[in-house]
Protein chains: 2
Amino acid sequence: MANIREVAKRAGVSVATVSRVLNDSDSVSEETRERVLKAIKELNYHPNLLGRNLRRSETKMILALMPNVSNPFYARVVKGIEDVAHKNGYNVMLCNTDSDINREKVYLEILKNRLADGVIFMAPVMGKEELTLIGQNYPVVQCCEYIEGAGVSYVSIDNFSAAYKAVKHLIGLGHKRIGMISCENNFVSTKQREAGYKKALEDSRIEFDEKLIKYGDYSFKSGVRAAKQLLAMEERPTAIFAISDIMAIGAIRAIKEERLKVPEDIAVVGFDDISFASMYDPMLTTISQPKYDLGCVAMELLIKHMCGKLEEPQRIFLEHELIIRESTVK
Amino acid sequence: MANIREVAKRAGVSVATVSRVLNDSDSVSEETRERVLKAIKELNYHPNLLGRNLRRSETKMILALMPNVSNPFYARVVKGIEDVAHKNGYNVMLCNTDSDINREKVYLEILKNRLADGVIFMAPVMGKEELTLIGQNYPVVQCCEYIEGAGVSYVSIDNFSAAYKAVKHLIGLGHKRIGMISCENNFVSTKQREAGYKKALEDSRIEFDEKLIKYGDYSFKSGVRAAKQLLAMEERPTAIFAISDIMAIGAIRAIKEERLKVPEDIAVVGFDDISFASMYDPMLTTISQPKYDLGCVAMELLIKHMCGKLEEPQRIFLEHELIIRESTVK
DNA sequence: TTGTATGCGTTATCAC
DNA sequence: GTGATAACGCATACAA
């Protein structure tokens with residue numbers, strides 16, 4: 001495979017000139033430029049970026065760490081990240097952490113080994129202290145899930161208001177006994193959504209009943225299980241708010257299995273507006289996050305960090321939206 | 001950030017010795033090794049792989065090109081690729097081509113620029129000639145979709161037999177008028193599945209009716225649309241075979257909207273066994289591909305190619321399975 | 001067992 | 001406008 005010296009030789013110029021042509025430097029005559037271009041074509045030369053990267057000590061690669069590539073929610077976020085990245089000459093390395101701290105660590109080695117210029121965490125697994133440390137040494141942005149107080153920028157939505165709006169919608173439909181399917185993790189989103197749920201009840205003078213919160217793990221099966229627990233209660237809820245669409249869909253499945261109807265007997269609201277939400281029967285009422293924009297803004301932030309244009313960590317919240325569909329209103 | 005020279009200085013050895021410790025060379029005394037390790041720790045040193053990669057002219061990175069990260073089918077394949085890759089010291093760059101030839105080209109630059117050691121195509125967009133050329137110059141494996149005759153290895157399933165089995169299942173249930181939802185693309189899988197459908201009919205002496213094949217684009221909406229066309233026929237089918245689960249789910253939606261029941265009025269079979277297939281109501285009968293294994297085998301093949309252990313292109317077919325669920329049998 | 005010296009392919013600084 | 005050359009950080013052949 002040809003290298004820059006062979007190109008130079010063939011074009012009858014120095015390697016410096018070839019490099020200038022490669023990098024669109026203006027100080028090269030039209031005639032030489034064409035000679036070089038010709039040589040490049042004839043040799044089918046592709047610059048070896050390993051050399052360039054070493055020299056410039058940058059790779060124009062960024063790391064995007066997410067819990068799960070197959071999660072349709074993150075798919076849209078990634079699209080936003082990629083679009084902005086490409087527009088700015090960056091490539092994106094998508095990495096599955098499976099929410100496993102060890103896998104996360106392994107991928108961060110890529111950053112530490114200078115194979116990537118920065119990193120976007122979709123859902124950091126490590127603790128605050130570690131994140132702080134990473135943030136001090138490398139360009140980092142958090143997107144969607146985030147850790148507060150680590151001095152690291154993030155872009156997300158106001159999960160408290162979103163949950164509040166979802167539950168208020170149910171209350172507005174006359175529901176008073178509203179179950180919630182949450183998760184036993186420490187995500188900010190989870191805590192905030194639970195808080196929004198409680199506040200909505202409180203503002204409508206509905207007493208909070210701890211037993212109405214059941215827990216899953218974001219999976220379909222766990223949604224089924226949690227809903228069954230709610231349905232088995234003596235005084236069972238007439239509506240369910242789940243913190244993810246997949247769990248909401250699991251809940252609907254459970255309700256149907258009990259020969260009950262959605263929304264007539266029990267209304268269901270999800271969260272995220274994944275594509276499958278509008279494919280289901282009934283179509284799911286849910287909170288739509290600006291997934292694509294979240295990704296775009298995160299990448300823009302990261303670029304600023306990498307250029308050193310941003311010292312202070314930023315906290316950015318984008319707008320969400322309640323999408324009303326068949327699972328709450330016939 | 002510390003480099004190898006600083007580590008050497010601090011440990012009171014030469015850079016060569018540090019390099020030896022880094023690469024687990026045996027010819028270094030236990031005592032020096034420990035001194036070096038100590039220095040590495042104290043300086044929080046991480047080797048700059050840009051240097052190593054340039055020197056070794058390899059990156060231990062491989063490219064995985066897929067049409068769509070969010071497609072749950074590919075998600076499992078990717079998992080297989082990643083697991084084998086990591087076990088062998090490789091990292092995987094996941095890339096979304098959106099089935100766009102230009103995006104595919106851009107990502108292949110990464111390969112040509114020596115930033116990756118090899119590539120796995122989940123669904124090549126380029127033509128046979130181009131793929132042949134790539135295959136002659138770089139380690140390449142095709143996984144799932146593939147182009148025959150380009151001299152490039154692939155691993156997939158026998159789509160013909162799979163479709164045959166699916167349609168035979170419907171015929172066995174007494175169906176004689178069976179619609180098909182296919183796609184107007186040139187994927188081998190598509191052609192083979194159509195052929196399998198026809199052969200199954202033929203073997204059961206059911207006359208093939210061209211009008212019973214409708215076309216979608218793998219999307220939910222296109223599945224709805226195609227099914228509506230089938231339902232609008234004078235003599236409408238009593239069963240539908242779709243070449244993707246998502247389109248099958250779209251078909252079920254359309255059938256329900258016509259106030260018909262699945263499977264009582266119309267049975268439906270999908271293809272792929274994505275996770276949603278068993279979440280839907282009714283749960284979907286479908287062909288399950290060994291997604292994870294497909295990924296594993298593809299990566300193993302690629303590694304062999306990269307090590308130069310494999311000159312001849314391989315053609316590997318893995319087993320599939322018909323999963324019978326509610327959408328065909330109550 | 002360890003050190004010295006060279007080169008991987010490129011960019012960038014300095015001359016001319 | 002162009003060329004010579006010194007890095008970038010590392011691995012390795014060879015020498016000691």
Side-chain angles (χ1 to χ4, degrees), chain A residues 1-40 43-61 89 109-117 137-138, chain B residues 1-40 43-61 89 109-117:
Chain A
M1 255 173 280
N3 62 22
I4 200 170
R5 259 175 291 114
E6 297 175 50
V7 175
K9 201 174 196 176
R10 183 171 195 107
V13 298
S14 72
V15 291
T17 300
V18 177
S19 178
R20 286 188 188 103
V21 172
L22 249 31
N23 293 285
D24 281 326
S25 166
D26 42 356
S27 66
V28 48
S29 79
E30 197 48 43
E31 192 222 358
T32 19
R33 155 172 271 107
E34 271 168 26
R35 265 216 322 283
V36 171
L37 255 20
K38 187 158 160 279
I40 287 178
L43 293 170
N44 188 30
Y45 166 74
H46 292 265
N48 182 334
L49 292 198
L50 293 175
R52 174 184 297 173
N53 290 347
L54 175 59
R55 177 60 223 237
R56 292 194 172 149
S57 53
E58 66 165 14
T59 60
K60 289 285 178 184
M61 287 269 179
E109 287 301 304
I110 294 178
L111 187 70
K112 294 179 179 171
N113 289 329
R114 249 86 17 126
L115 258 28
D117 297 343
N137 291 294
Y138 307 93
Chain B
M1 253 171 279
N3 61 21
I4 200 171
R5 259 176 288 116
E6 297 174 52
V7 175
K9 200 175 197 177
R10 185 173 195 108
V13 297
S14 72
V15 291
T17 300
V18 177
S19 178
R20 287 185 189 104
V21 173
L22 249 32
N23 293 285
D24 279 327
S25 166
D26 42 356
S27 66
V28 47
S29 78
E30 197 48 43
E31 193 222 0
T32 12
R33 154 172 272 108
E34 269 168 27
R35 267 218 320 283
V36 171
L37 256 18
K38 184 158 163 280
I40 287 177
L43 292 170
N44 189 29
Y45 167 74
H46 294 264
N48 181 334
L49 292 199
L50 294 176
R52 173 183 300 175
N53 290 348
L54 176 60
R55 176 61 222 243
R56 293 195 172 148
S57 52
E58 67 166 13
T59 60
K60 289 286 177 182
M61 287 269 177
E109 287 301 304
I110 294 178
L111 188 70
K112 294 178 179 171
N113 289 328
R114 250 83 21 124
L115 257 29
D117 297 342

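Predicted model only: the values in this text are computed from it and were never measured.
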Figure out the NZ/P separation between A:Lys9 and D:dG3, and round it to whole Å.
-> 15 Å

For D:dA11, does OP1 or OP2 lie under 4.0 Å from any side-chain N or O of B:Arg52?
-> yes

B:Thr32 side chain near C:dT2 phosphate (N/O to OP1/OP2, under 4.0 Å) | yes

By nearest-heavy-atom nucleotide on DNA chain C, the more 5' of B:Ser27 and B:Leu54 is B:Ser27

Quickly work out the A:Ile40 CD1 to C:dT10 C1' distance and round it to whole Å.
-> 13 Å

Pairs under 3.5 Å (N/O, protein and nucleotides 12-16 of chain D):
from: D:dT12; atom 1: O4'; to: B:Arg55; atom 2: NH2; distance (Å): 3.3

When rounded to whole Å, the CG to P distance for the pair A:Leu50 and D:dC8 reads 18 Å

note: A:Leu49, atom CG; C:dC8, atom C1'; distance rounded to Å ~ 14 Å

Distance (rounded to the nearest 0.5 Å) between B:Leu22 CG and B:Leu37 CG | 9.0 Å

Closest heavy-atom pair and its distance - A:Val28, A:Arg33 = CG1-NH1, 3.4 Å

Take the protein atom CE of A:Met1 and the nucleotide atom C1' of C:dT10, then report the distance between them rounded to whole Å.
-> 16 Å

Calculate, to the nearest 0.5 Å, the distance between atoms CG and NZ belonging to A:Asn113 and B:Lys60 respectively.
-> 14.0 Å

Interatomic distance where CD1 belongs to A:Ile4 and P belongs to C:dG7 [whole Å] = 18 Å

Indicate yes or no: does B:Lys38 engage B:Glu34 in a salt bridge with an N to O separation below 4.0 Å.
-> no

Under 4.0 Å between a Lys/Arg side-chain N and an Asp/Glu carboxylate O for A:Glu6 and A:Arg10?
-> no

Does OP1 or OP2 of D:dG9 have a side-chain N or O of B:Tyr45 closer than 4.0 Å?
-> no

Hey, does the side chain of A:Ser29 come within less than 4.0 Å of D:dT2's phosphate (OP1/OP2), counting only N and O?
-> yes

How would you label the contact of A:Val13 with the nucleic acid (heavy atoms, under 4.0 Å): base, sugar-phosphate, or nothing?
-> sugar-phosphate

Working to the nearest 0.5 Å, report the span between CZ of B:Arg52 and CG of A:Leu115.
-> 10.0 Å

May I ask you to verify if any side-chain N or O of A:Asn3 is less than 4.0 angstrom from the OP1 or OP2 atom of C:dG9?
-> yes

Sub-4.5 Å side-chain heavy-atom contact between B:Met61 and A:Ile110 = yes

Starting from P on D:dA11, measure out to CZ on B:Arg5 and report it in whole angstrom.
-> 13 Å

Take the protein atom CG of B:Asn48 and the nucleotide atom P of C:dC8, then report the distance between them rounded to whole Å.
-> 19 Å

